[in-house]
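Side-chain atoms are counted along with the backbone in the values below, which use heavy atoms only and exclude waters and symmetry mates. Read the numbers this way: they start at 1 and go in the same order the structure lists the ligands and their atoms.
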Amino acid sequence: MPDSLPQVRLHNSLTRRTEPLQPLEPGRVGIYTCGSTVYKYAHIGNLRTYLFGDLLHRTLEYLGYEVRYVKNVTDVGHMRDDDHDSLAGPDKVELAAETEGKSPMEIADFYTAAWLEDEALLNILPADLMPKATDHIPEMIDLTARLLANGLAYEVDGTIYYDVSEFAGYGRLSGQQVENMRAGHRVEVEGDKRDPADFALWKHAREHRLMTWPSPWGDGFPGWHIECSAMSLKHLGERFDVHTGGIDLKFPHHEDEIAQSEGALGHSIVSVWMHGEFLTMDDAKMAKSTGNIIRVADLPELGHKPLVFRYLALTAHYRSKLDFTTDALHAASSGLARLRRTAAGPDDLVDLAAEPMARYRARFADAIADDLATPRALAFAHEVASASDLTHAQRRALLLDFDRVLGLDLGAADTVPAPLPAGAVELLERRAAARAARDFAASDALRDELTALGVEVRDTPDGQEPTARH
Ligand code: AMP
Ligand code: ZN
């Protein structure tokens, strides 16, 4: 019953507070995530942001909510990072098409497929809907026309600009004064705007442009921000619950989306805005434009499976920066191996609703419902992995249950090393207890017993690492 669902608290960038989520429809949550600009391979920084969206999706479903998850594909319109609103800047998708000798649609399809393959390798659950920007041009034109009619936009030679001075709430999300935003915009290329802080909704097409569409203002193409207003309103309705993206989308992308959607409809649309922090490398933002990137496909060369990166992402809260290092990746790998060892084993029937499992599940739920506190949830999973009041079957059942949120394939047979022979788990548990009590004589004797069974044990800071000889 929706009434009895656990309460979820989320940090809302708009109010700058962590607040209880109050779905517009009890028990149901609509989420929109800004998806990839599909002109290059996604890097693991981008994927950290999609992992954060996936975590929200999985957490809500674990807690019993019904989720409608929409994540778009940006296949037109997004200009260069440092010059986001320039008429002179080439479209990223078109530029890639030119460089690779393909059509824009081939480029977009190719990199969309690559992005979704990476998401699948990281166990990111598919969204319910992945609308493409190029399929929503009429909706974008319609919104632009409404903004003109509402006196919030103006036309200059076939280009339509949003007049930010007419929208009272402009700057509320990013907490900036319009003055500072002007200073932050690069303006030299667009002398025809009334105000440097204004941004384009629709752009007049110059020659050599491959992707253009007819509009009431002549042939052109959409600005970057209008696509997310059009797709979120169309697929989630005029009011919806949560909108997510990376921290750099707060301004200008989301600030502009609010101005567009609210300006067109005259009321607030999104209840909670959530932003994920960056993945960094050598303390610099991982970015397509600077080239300091790692892809999911690079992880095997570093000696790790993709899900080790998922584990690493869970070790940091989504609102904290996470620095990608090989040491951190190694630590993630042994943490993951430890959970998988505990989760390995035959399927025993365990009633998760009975005590003490229910109590353990409630504690896990508390952690994830507290603004997706994954470091706490993961630490708790490790606590369960060594809880002495649980049987091995109970520990395994709980970890597999938590894995509905963690998404680490904890029970997957192919990821588990050779199964341990009968009796080994019990010896390992006794040895762990002996080591905890600093009884090294007993610990050594138990190691000998394990060796006799064909199990080698390595002691690591994370505990024992057993390997079964075949
Ligand atoms: P883009 O494909 O450039 O539109 O970016 C897709 C998503 O990745 C957006 O939500 C960005 O905010 C996010 N993003 C870009 N770089 C990083 C990074 N280094 N760490 C985390 N998220 C990022
Ligand atoms: Zn967006």
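An N or O contact shorter than 3.5 Å is missing between I247 and ligand 1 by distance. Between D248 and ligand 1, at least one N/O pair is under 3.5 Å apart.
A cation-pi geometry, defined here as NZ or CZ lying under 6.0 Å from the six-membered ring centre and within 45° of its normal, does not hold between R48 and F278.
Atoms of ligand 1 found under 4.0 Å from any heavy atom of Y50 (numbered from 1 in listed order, with element): 6 (C), 7 (C). Atoms of ligand 1 lying under 4.0 Å from any heavy atom of K285, numbered from 1 in the order shown and given with element: 16 (N), 19 (N). Remark: ligand 1 atoms within the under-4.0 Å shell around heavy atoms of T49 are 10 (O), 13 (C), 21 (C), 22 (N), 23 (C). For ligand 1, the atoms closer than 4.0 angstrom to any heavy atom of M286 are 16 (N), 17 (C), 18 (C), 19 (N). Interface of E277 with ligand 1, defined as ligand atoms under 4.0 Å from a residue heavy atom, comprises 21 (C). For ligand 1, the atoms lying closer than 4.0 Å to a non-hydrogen atom of S36 are 2 (O).
Ion pair D91/R209 flagged as a salt bridge, since at least one NZ, NE, NH1 or NH2 atom sits closer than 4.0 Å to an Asp/Glu carboxylate oxygen. A salt bridge links K71 and E119; the closest N-O separation between the charged side-chain nitrogens and carboxylate oxygens is under 4.0 Å.
Heavy-atom proximity to atom 23 (C) of ligand 1, evaluated over G246, A313, G45, G276, is greatest for G45.
In this structure, Y62 and F364 have perpendicular ring planes: the angle between them is above 60°, well past the 30° mark. The aromatic rings of F251 and Y170 stand perpendicular to each other, their planes meeting at an angle above 60°, with 30° marking the opposite boundary. Ring geometry for H254 versus W273: interplanar angle of 30 to 60°, hence tilted.
At a threshold of 2.8 Å, the Zn ion (ligand 2) has a backbone or side-chain N, O or S atom of C228 nearer than that distance. At a cut-off of 2.8 Å, H254 does not coordinate the Zn ion (ligand 2) through any N, O or S atom.
When distances from the Zn ion (ligand 2) to the N, O or S atoms of H253 are compared, NE2 comes out shortest.
Checked against the 6.0 Å centroid threshold, H235 and H136 count as a close aromatic pair.
Checking F309, W115, Y69 one by one against Y50, the ring-ring contact (aromatic ring centres under 6.0 Å, His included) holds for a single residue, W115.
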